Structure formats: structure tokens, C-alpha cells
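What you are looking at is a predicted structure, and each value in this text was computed from that prediction instead of being measured. The figures here come from the full heavy-atom set of this structure, side chains too, leaving out hydrogens, waters and symmetry mates. Quick note on labels: first sequence line is chain A, next is B, and so on, each numbered from 1.
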Amino acid sequence: MKQLTEEDTIQKPLPIADSDSHAMWEGLKKGELLLQHCEDCGHVQYYQQGLCRICQSKKLVHRAASGRGIIHSYSVVHRSPGPAFRDDVPYAVLLVELEEGPRMISSLLGKDFTHLAIDSPVAMKTMKISEQVFLPCFELVNLADK
Amino acid sequence: MRNKNTLRGKVAIVGIGQSPSGRVPGRSPLDLTADASLKALADAGMDKSQLDGVLTGNAYASSFHRFSVALSEYLNIQPSYSNTLQVSGATAGAAVNTAAAAICSGLADTVLVACGDSLLTGMTPDLAIRAMTESRDQQYEMPFGIPVANTFAMTAHRHMKEFGTTSEQMAQVAVTFRQHASRTPGAQKTDLISIDDVLASKMVSSPYRKLDCSLISDGAAALILTSAEKAYEYNQEPIFILGGGEYYSHEHIFLMPNLTETGAVQSAQKAYQMAGVSPLDIDVAGIYDCFTGTVLMMLEDLGFCKKGEAGPFVEAGEITYGGCIPTNTHGGMLSYAHPGIPAAWFHFTEVVRQLRGNCGERQVKDAEVGLVHTLGAGFSTHATTVLGKGSTL
Ligand SMILES: [Zn+2]
């Protein structure tokens, strides 16, 4: 097995784009979460693949998600998975169901967990980690503001 | 009923062995695994020259990529069949099923199925946690700081929301398995705990608190499988493989079709069908217990109770002595030991001991048919094995 060093535990794991996912990580730099829409069967998918997961068609087009979704489930992390996230705890990891259908793992912006619940509406914001990496994160939508 | 293309009754576990487990400093994963393997050989009364197959999982605290090959060299065995399997927590069940299939097909006669690691003293806690976290996807999961507990925790939140399952009901699993461990020699945690103790322990990843989470341990265990024809040549009563089934429904947690119903439904159905048994026939179970809520969902998906009813089922004492399905009588990963991938090997050694009738004061009376269900990676991987005494064939 790959032997990790203490140094590895200090670094946050960052996504390394591959040929399947390059467009998505580029899109996030512009504030857009790109989903793949299949022109043959209409399936909408996250994450990025070279083919449609339902019909295996390669006719996939990227369209930006609305950024709206609801919390399908969540967990607030109190014990960090190693030193890299130690300064961040507590933080909420979200399983968001996007308006377009797909689900994704993300995190909640901020540390106010009082209104964090399954089925709460959320909206996407990108968070700059470095010049190359912008992560899609979500904030709770305050229903009173609507 | 008996189909010649199944494993039923064709292969038996004839030897079991365990290294010391819990906190075992100064011993490498290979050393621990060799220790367990030699004990399994001694248990069977078998010379290592009779092994022609070796299957293992991988060890986090070892740099070997081909652990099964490294173990063979360490023991000076040259097998004609070997593999190092990796389906996370389901590796134990998958390895037993695969070894049985290899024996049925003639690829091997007698297979050592072993695994060991030193997560507790062979690595720092930071390294151990990070090593396990590395099993999540580098692009779509890990950047969000998703620890191993998190995927399982999200399924637990859904179960609470959909079925009204409570933290107290999940805590009961930890309390019960601790009672079991208190009677098991060598268990890492033997001090009894209450539901209040679980609820008062520190939050790790909501809704899971420290005592809802499995331990971190060192340790190894080994099994020796051979054909039914040879099974009676050894020291111990053979325990037969009656059925096996596996299921792999997704890789990413966000593509899990339904967070409260898992691939254990399909893997168990296949194993039951092959064995010709139903959940009602199972006398004792070993269920992968990485977290308390994991056990609740498995009790439902393995068919021991209805969907959504595992909370009250556990509260009613159904997973301990006198209940419907005494489970993890050794104490499981929550209290006996959790050395990572090897953890579920201990579920096998315990169920085999129960079926042999060797468990002393923790013996489940008249146990004839047992089940082991191992799973991993946020319910991505599932392997079920049904075991039985010779009298069940
Ligand atoms: Zn399609």
C-alpha cells in the first residue's frame, strides 16, 4: 500500500482534474457547476464521465446547473480527518440533491448549523482554494428572504 | 434444490487462528498475519506444505502492494493460487467466497485466507485516519473533508428521518456488543457501558459519537479452507460454506441509489438462496459493525427484521442471547478489535467457534447455521457468507 507521511496528512487533498473532468473544474473557476446532459436519453449526470451512465452514449453536452438544491443528508464533522482539516472543525459535509436531479458531496459555507436539516434548500457558491481550484460549496437559503 | 454449480457443502473452514489484538506494539502487519496463519494451521493440525492457495487483504501499515505474495514468502510458502483483494470492509467475505470458488473449481485445494494490520501502534492516529480517508474519491469527495465516518453518518441521518430511529436505539448496539466483549478473552474494551455513556461521548461526525464508532486496533486473523472431501482429515469439526453472495451497487456515496437500503439485500438473497435457508434459520450472526447505525440497517437488509424496524428490534434485546439473532458475540469492531481490513476476519473466527460449539460461557445454544456479513466504503461493497455444521448438509 502507498505509505503516507506525516507531511501528507497536513496537506488538504485537492482535486486533480483528469481528461473526463477537466471541463467541470474549469467551469467552477467561472462560477459555474457544469452537469453533463445526454443528448440521446436525456440523463443528467454528475460526475463527469466519457459516456452517459444510463445509455453509454458519448453525446454529452455541458450545461451549467442552476445551483439550487436541497439537502438529501448531511453530517457535521467534529473530529477532523487528520491535521489538514483540524482548523476547520466543526464543519458540515452535505449530500446535496440538485434541482436537475443528480446528487453531490459538498460542504456548507459557515458554521451556523441551527437550520441545517434534511430537505433544507441550499444554493451553490464557489470557494477559491487556489488559482487552479475552486470548490462548489453551498449555503442555506433563508426562506424568509424569498 | 441442490445445484452442482453452487458452493453449498463443497468447501469447509477447517482451521482458524488469531494473533493477539487490541494494542500490540512492536509487531509488523506481516508478523501478526504470520502468527495468525500458523495458529490456524496448528488449529487444523495441518502442515503448511498442504497450503496451495493464499488470499489476503492489504495492510495500511505495510508497504507491500501484494500482501498475499509477501505473506507467502514470509512463511516460505510457494502457492499456485494467490491474490490480494481490495473491496474495503467486504474483503473478508469476498475472500472467503473467492477461496471457496477456487477450491470448487480446482484452482486450489487448500487456501489460507488471512489478514493483519497494525493501525493502532504501527501508524500515528493522524496517519491511520488519513489512510482510511484516502479510500474516498480524490476529486469528488476528499476535497470536502469527508472522513470515513461521514458516509455512514449520512445514511444514519436518513434512517432517523425516514423511520424515526433514535440515537438511543443506535447506542443500544454499542451497549450490547460491549456486554458481549466483556465475556470474550482478548477483547480490547471490556468495561460495560450504558446508553447514557454513549450519548455523553464526544461527537465525531453527527449523529455518530465516539462510542458509536468502531475502535482502532492492531491484530490479524486467519482461516483455512479446504474441500469437503478432505475436511474430515483434520483436527477440528469442519464448518461448511453453505452459500455466498456479493453486491457492489456504487462507488461514490452520492450515487448510492437509496441511502437506507443497501446492496446487502441482494448479496444476502443470493447467499440464502444458495444455502437453501431463510433468515429464520440463522442461529448466530457476525455483522460488520463499523458504526452502530450500520448494524441497524444490516439487520433490516439481511432480513432479520422489517425495513425501518431495527431500532425497536435492538431495544427489545433481539441481537443478544435469547433474542432472534445473537450478533457479534465476540464484541465486534465496536468492542473486540478493529485493525482495519482484518476486522471482519474476527467475525468469521467467532461464528466458526460458535458453530463448533467452542464458545464456553458465550456459546449460543445449539447453533448450527451462522451468517457473516461484511461491507465497506459507505455501503458500496457487500459480501455475505452462510456457514453451517456438517449436520446441516
Ligand atoms: Zn444517455
Inset, instruction - Measure centre to centre between the rings of B/F144 and A/Y91, then say whether the value is under 6.0 Å. - result: no

Legend entry - Nearest non-hydrogen partners of B/Q139 and A/A17, listed with the distance: OE1-CA, 3.7 Å

Legend entry - Heavy atoms from other residues, nucleotides or ligands near NZ of A/K58 exceed 12 (cutoff 6.0 Å): no

Legend entry - Interatomic spacing from CD1 in A/I71 to NZ in B/K161 - rounded to 0.5 Å: 11.0 Å

Inset, instruction - Using non-hydrogen atoms and a 4.5 Å limit, figure out which bit of A/L14 sits close to chain B: side chain, backbone, both or neither. - result: backbone

Inset, instruction - Kindly indicate whether the side chain of B/D126, heavy atoms from C-beta on, has any atom under 4.5 Å from the side chain of A/R86. - result: yes

Inset, instruction - Flag yes if more than 12 heavy atoms outside A/H22 fall under 6.0 Å of its NE2 atom; otherwise flag no. - result: no

Inset, instruction - Return yes if some donor-acceptor pair links the side-chain N/O of A/R79 with the main-chain N/O of B/S205 below 3.5 Å, else return no. - result: no

Inset, instruction - Check whether A/D18 gets within reach of chain B through its side chain, its backbone, both or neither, counting any heavy atom under 4.5 Å. - result: both

Inset, instruction - For each of B/H157, B/M132, B/K202, tally heavy-atom pairs with chain A at distances under 4.5 Å, and name the one with the top tally. - result: B/H157

Legend entry - Heavy atoms from other residues, nucleotides or ligands near NZ of B/K210 exceed 12 (cutoff 6.0 Å): no

Legend entry - Pairwise distance CE(B/M160) to OG(A/S73) - rounded to 0.5 angstrom: 10.5 Å

Legend entry - Portion of A/P90 that has a non-hydrogen atom of chain B nearer than 4.5 angstrom: neither

Legend entry - Heavy-atom pair count under 4.5 Å with chain B, highest-scoring of A/A84, A/S106, A/A92, A/G82: A/S106

Inset, instruction - Please state whether the side chain, the backbone, both or neither of B/A156 comes within less than 4.5 Å of a heavy atom of chain A. - result: neither

Inset, instruction - Report yes if some heavy atom in the side chain of B/Y140 is under 4.5 Å from a heavy atom in the side chain of A/I105; otherwise report no. - result: no

Legend entry - Residue A/E39 excluded, over 12 heavy atoms near CD under 6.0 Å: yes

Inset, instruction - Check whether any side-chain heavy atom of A/Y74 lies under 4.5 Å from a side-chain heavy atom of B/S206, and answer yes or no. - result: yes

Inset, instruction - Could you have a look at A/L94, A/T5, A/V76 and say which one has the most heavy-atom pairs with chain B under 4.5 angstrom? - result: A/V76

Inset, instruction - Determine the minimum heavy-atom distance between B/T133 and A/P81, stating which atoms define it. - result: OG1-CB, 3.8 Å

Legend entry - A/Q11, part contacting chain B, at a heavy-atom distance under 4.5 Å: backbone

Inset, instruction - Name the region of A/Y47, side chain, backbone, both or neither, that has any atom closer than 4.5 Å to a heavy atom of chain B. - result: both

Legend entry - Within-4.5 Å side-chain heavy-atom neighbours: B/L259 and A/R103: yes

Inset, instruction - Report the distance from atom CE of A/M104 to atom CD of B/E141, rounding to the nearest 0.5 Å. - result: 11.0 Å

Inset, instruction - Tell me, yes or no, whether the heavy-atom count around A/K125 atom NZ, taken from other residues, nucleotides or ligands under 6.0 Å, exceeds 12. - result: no

Legend entry - Proximity breakdown for B/M256 and chain A, heavy-atom pairs closer than 4.5 Å: backbone

Inset, instruction - Would you name the heavy atoms of A/H72 and B/R158 that are closest together and state the gap between them? - result: O-NH1, 2.7 Å

Inset, instruction - Could you check if a side-chain atom of A/R53 sits within less than 4.5 angstrom of a side-chain atom of B/L255, using non-hydrogen atoms only? - result: yes

Inset, instruction - Specify the closest pair of heavy atoms between B/G145 and A/V77, including all atoms of both residues, with the distance to one decimal. - result: O-CG2, 4.2 Å

Inset, instruction - Pick whichever of B/I253, B/N150, B/D137, B/T151 has the most heavy-atom pairs under 4.5 Å with chain A. - result: B/N150

